[in-house]
Amino acid sequence: HDSEIKTPVLDELAGSGVKLENYYVQPICTPTRSQLLSGRYQIHTGLQCGIIWAPQPSGIPLDDVLLPEKMKEAGYSTHAIGKWHVGFYQPAYVPTRRGFDSFYGYLTGSEDYFTHVRGTGYPYWTQKHWHGVDFHRNEEALKIESNPYFALISRW
């Protein structure tokens with residue numbers, strides 16, 4: 001807080017909400033996302049060692065109650081846009097089965113933002129190599145055939 005960079009909207013939101021002033025993130029995405037969604041340190045979700053690779057059977061444990069589930073209990077509608085990357089190897093692990101009313105984005109990480117193609121990260125000569133589109137609306141895989149587009153989301 002008291003930054004040289006002026007952020008009046010963020011300052012207004014922080015002034016009327018909760019300020020998180022301690023260490024809450026990890027250096028990579030999956031452990032951090034599991035902490036944010038579960039409210040538990042990543043060592044308790046089993047996702048402390050790294051990211052979830054596309055063919056890896058892992059995810060936030062199904063008995064962990066996630067933030068969107070609690071928000072729905074409080075009367076909110078819940079929507080996720082962007083990267084999930086906390087489990088998708090079985091249908092029960094995808095965002096729309098973990099408390100989100102809708103999901104628009106990709107389940108893995110490191111996808112190409114224009115083609116939405118993602119590989120495994122394994123070398124091409126291994127048996128584990130695959131390449132495919134990772135872009136979803138709810139539980140439906142999408143293939144974008146149109147021209148690139150631009151969207152601006154603003155509070156005003």
Please name all residues satisfying side chain to side chain donor-acceptor pair (under 3.5 Å) with Thr45, sequence neighbours left out, ordered by chain then number.
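If we apply the side chain to side chain donor-acceptor pair (under 3.5 Å) test to Thr45, skipping adjacent residues, the hits are Ser34.
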Any side-chain to backbone donor/acceptor pair from [X] onto [Y]? Under 3.5 Å, distance only.
| X | Y | answer |
| --- | --- | --- |
| Arg33 | Ile28 | no |
| Trp84 | Phe103 | no |
| Asp101 | Thr78 | yes |
| Arg98 | Ile60 | yes |
| His85 | Ile51 | no |
| Glu69 | Leu66 | yes |

Arg40, Gln48, Gln26 screened by side chain to side chain donor-acceptor pair (under 3.5 Å) with Gln35, the one that passes
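Exactly one option meets the side chain to side chain donor-acceptor pair (under 3.5 Å) with Gln35, and it is Gln26.
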Could you tell me which non-hydrogen atom of His79 sits nearest to which non-hydrogen atom of Ser102, and how far apart they are?
ND1-OG, 2.5 Å
Please name the pair of heavy atoms, one in Phe100 and one in Pro68, separated by the smallest distance, quoted to 0.1 Å.
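It is CE1-CG, 3.5 Å.
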Side-chain touch Ile5/Thr7, heavy atoms, less than 4.5 angstrom:
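Answer yes - side chains close enough.
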Working to the nearest 0.5 angstrom, can you tell me the gap between Asn138 CG and Arg97 CZ?
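Asn138 atom CG to Arg97 atom CZ measures 11.0 Å (nearest 0.5 Å).
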Rounded to the nearest 0.5 Å, how far does CG of Leu47 lie from OG of Ser38?
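Ser38 OG to Leu47 CG: 8.5 Å, rounded to 0.5 Å.
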When hydrophobic residues are tied together by side-chain contacts of less than 4.5 Å, even through go-betweens, does Val65 share a cluster with Leu62?
no
If the condition is ring pair (Phe, Tyr, Trp, His ring centres under 6.0 Å), which residues does Tyr76 pass it with, not counting sequence neighbours?
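Tyr76: no ring pair (Phe, Tyr, Trp, His ring centres under 6.0 Å) contacts found.
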Residues two or more places apart in sequence or in another chain: which of them pass ring pair (Phe, Tyr, Trp, His ring centres under 6.0 Å) with Phe88?
none
Do Lys70 and Glu73 sit within salt-bridge range, that is, some charged N less than 4.0 Å from a carboxylate O?
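Result for this pair is yes, salt bridge flagged.
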